[in-house]
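Right, one structure below, let's go through it.
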Amino acid sequence: MLSGSQMRSTVVLRVDPEQPDRQAIERAAAVIRRGGLVAFPTETVYGLGADALNPEAVARIFEAKGRPAHDPIIVHVADADGLAGVAREVPAVAGRLAEMFWPGPLTLVVPKAQAVPAVVTAGGETVAVRCPAHNVALALIRAAGTPIAAPSANRFGHTSPTAAQHVLEDLDGRFELLLDGGPTPVGVESTVLDLTGRVPTILRPGGVTREALEAVLGRVAVLERLPEGETSPRSPGLLDRHYAPRATLWLFTGPRERVVAAIRREARRARGGGRRVAALVADEDVEEVAGEGILVSSVGPGHDVAGVARRLFAVLRSLDAQHPDLILARDFPREGLGLAVHDRLVRAAGRIIDVTAECSEGD
Ligand code: TXA
Ligand code: MG
């Protein structure tokens with residue numbers, strides 16, 4: 001097998017996302033079985049996978065991504081039986097959720113089985129497990145005959161990949177094989193739900209909505225990752241950056257009209273100061289924000305939250321590729337998939353500006 005730092009070229013195989021070619025899947029499964037790394041599409045984002053039961057193979061994922069060893073990795077299984085194979089025990093509620101939401105973008109955190117190596121769980125006693133709703137991912141797991149540990153297939157801290165090209169931009173040459181199944185349909189990562197405490201807790205909002213989980217579970221807690229230093233809604237907070245573009249991103253939150261007016265104003269101010277400015281907005285905002293020398297990109301109509309989620313990361317990447325100094329982004333309502341969109345924007349932001357209390361003023 002490859003020694004860690006060795007580089008060689010990544011093989012790319014195009015596959016039909018609905019009915020992937022058997023030979024391509026077999027070839028990828030063979031890479032997994034011999035301890036190699038395969039990037040593959042799921043319904044959320046592309047993953048960078050390894051045999052979850054092979055600690056050396058999993059260690060290579062951390063190295064390829066530049067991911068710190070204290071960050072545990074999700075194990076992908078083909079069905080609820082796969083969950084039983086990696087969990088020490090399957091809480092009744094986990095069985096029920098798996099039945100309702102799998103295959104689908106819901107990751108369940110449960111007590112880990114002995115068979116799961118410590119490197120997967122970052123030494124912890126719990127394991128995060130999900131069954132992806134994507135025929136390429138499912139075929140790969142089945143053909144490999146082993147659960148597959150896979151984080152998003154991007155350099156650590158960078159925006160998650162929703163297309164094969166994004167994976168290559170970040171990781172080309174750092175893994176053996178890429179299954180290119182086209183763009184991923186959901187576009188934001190899975191919801192991570194911790195079932196090991198007294199109340200089921202969403203650790204990361206994602207493709208399965210909080211509302212859908214509450215309809216089944218009743219009360220669901222959401223882990224609040226309030227930015228350090230953010231004390232009042234008016235004071236802009238400084239944040240740890242994750243899911244982040246290279247450019248500095250400022251997130252404007254509050255009523256839409258004020259948000260758009262503030263972005264328009266700030267864009268002109270920054271451009272006047274000689275900075276290269278980009279704006280990430282919805283279709284209905286484009287006209288108001290547009291102006292000479294301002295790169296404006298839309299994530300689609302603001303009411304189509306599934307579309308916004310699907311396009312968000314690709315738009316961030318394409319803006320970033322134009323090397324702006326500053327990206328001004330609008331926030332989206334936190335209902336349904338909007339909660340995940342909001343969460344990713346917050347984590348991408350270097351600064352959050354709440355314009356709720358701002359006086360409206362002419363430009
Ligand atoms: O949609 C997804 O979840 C994608 C696709 C590829 O499946 N995967 C993904 O993986 O987003 P990653 O590693 O980028 O994000 C997984 C998140 C991390 O924040 C990690 O800390 C958390 O899940 N996680 C993993 N195992 C955990 C555990 N045992 N307890 C708590 N959090 C865990
Ligand atoms: Mg990730």
Side-chain angles (χ1 to χ4, degrees), residues 37-50 52 58 61-62 64-78 83 86-88 94 101-113 116-134 136-138 140-141 147-164 166-167 170-171 178-179 181 184-197 200-208 223 225 240-244 309-310 312-313 337 340 343-344 347-348:
L37 304 185
V38 173
F40 60 95
T42 77
E43 79 280 37
T44 57
V45 301
Y46 275 75
L48 180 65
V58 175
I61 297 177
F62 286 88
K65 284 193 53 135
R67 182 181 176 109
H70 61 74
D71 197 357
I73 296 185
I74 295 173
V75 174
H76 296 68
V77 296
L83 171 61
V86 293
R88 177 159 52 76
F101 293 103
W102 283 6
L106 177 64
T107 295
L108 302 173
V109 176
V110 295
K112 95 170 185 70
V116 180
V119 63
V120 172
T121 64
E125 284 308 307
T126 65
V127 62
V129 189
R130 90 175 190 97
C131 174
H134 197 294
V136 174
L138 289 173
L140 178 64
I141 299 163
I148 295 183
S152 52
N154 51 277
R155 291 286 291 177
F156 179 72
H158 198 208
T159 312
S160 289
T162 54
H166 303 162
V167 178
D170 277 22
L171 300 173
L178 166 64
L179 292 170
T184 56
V186 175
V188 289
E189 302 87 343
S190 63
T191 302
V192 179
L193 184 69
D194 186 354
L195 296 174
T196 63
T201 302
I202 294 175
L203 303 181
R204 177 180 72 182
V208 167
L223 187 75
R225 290 180 199 253
D240 280 352
R241 296 175 79 226
H242 288 288
Y243 302 94
R310 191 176 336 111
L312 178 68
F313 289 152
L337 273 177
D343 174 79
R344 302 312 184 270
R347 296 196 208 199

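First listed ligand is number 1; within each ligand, the first listed atom is number 1. Throughout, numbering of the chain's residues begins at 1 and tracks the sequence.
- Within the 4.5 Å cutoff, the side chain of Lys65 has heavy atoms near those of the Ser152 side chain.
- Residue contacts with ligand 1, taken as heavy atom pairs separated by less than 4.0 Å, involve Val109 solely via side-chain atoms from C-beta onward.
- Ligand 1 lies out of reach of Thr121, whose nearest heavy atom is not under 4.0 Å from it.
- Under the 4.5 Å side-chain criterion, counting only non-hydrogen atoms from C-beta, Leu171 is not in contact with Asn154.
- For the pair Phe62/Ile73, a side-chain contact is recorded, criterion being any heavy-atom separation below 4.5 Å from C-beta on.
- Inclusion of Ser160 in the first shell of the Mg ion (ligand 2) is not supported: no N, O or S atom falls under 2.8 Å.
- Taking only nitrogen or oxygen atoms, main chain and side chain alike, Thr42 does not reach within less than 3.5 Å of ligand 1.
- No side-chain heavy atom of Pro72 sits less than 4.5 Å from a side-chain heavy atom of Val127.
- Here the shortest heavy-atom distance to atom 27 (C) of ligand 1, taken over Ser160, Cys131, Pro72, belongs to Pro72.
- At least one donor-acceptor pair closer than 3.5 Å links the side chain of Asp170 to the backbone N or O of Arg155.
- Remark: ligand 1 atoms within the under-4.0 Å shell around heavy atoms of Ala128 are 25 (C), 26 (N), 27 (C), 29 (N).
- Residue His76 has at least one heavy-atom neighbour below 4.0 Å for each of these atoms of ligand 1: 5 (C), 6 (C), 7 (O).
- For Lys112, no heavy-atom contact with ligand 1 is shorter than 4.0 Å.
- Ile202 CD1 to Asp194 CG: the interatomic distance, rounded to the nearest 0.5 Å, is 11.0 Å.
- Taking every heavy atom of Ser152 and a limit of under 4.0 angstrom, the matching atoms of ligand 1 come to 8 (N), 9 (C), 10 (O), 12 (P), 14 (O).
- Less than 4.0 angstrom separates some heavy atom of Gly47 from each of these atoms of ligand 1: 6 (C).
- When each atom of ligand 1 is checked for a heavy atom of Glu189 under 4.0 Å away, the hits are 1 (O), 2 (C), 11 (O).
- Counting heavy atoms closer than 4.0 Å to ligand 1, residue Leu203 contributes side-chain atoms (C-beta onward) but none from N, CA, C or O.
- Between Thr44 and Pro132, the closest side-chain pair of non-hydrogen atoms is not below 4.5 Å.
- When only interatomic distances are considered, the shortest N/O to N/O separation between Thr107 and ligand 1 does not fall below 3.5 Å.
- Within the listing of ligand 1, atoms 28 (C), 29 (N), 30 (N) sit less than 4.0 angstrom from a heavy atom of Thr126.
- Within the 4.0 Å heavy-atom criterion, the part of Arg67 lying near ligand 1 is the side chain and not the backbone.
- Under the 4.5 Å side-chain criterion, counting only non-hydrogen atoms from C-beta, Asp71 is in contact with Phe156.
- The ligand atoms of ligand 1 that sit less than 4.0 angstrom from a heavy atom of Thr44 are 1 (O), 2 (C), 4 (C), 5 (C).
- Between Arg130 and Thr42, the closest side-chain pair of non-hydrogen atoms falls below 4.5 Å.
- In summary, Glu189 and Arg344 engage in a salt bridge, as defined by a charged side-chain N under 4.0 Å from a carboxylate O.
- For the residue pair Ser190/Arg204, the side-chain donor-acceptor check at 3.5 Å is satisfied.
- Residue Asp71 approaches ligand 1 through these ligand atoms, each under 4.0 Å from one of its heavy atoms: 18 (C), 20 (C), 21 (O).
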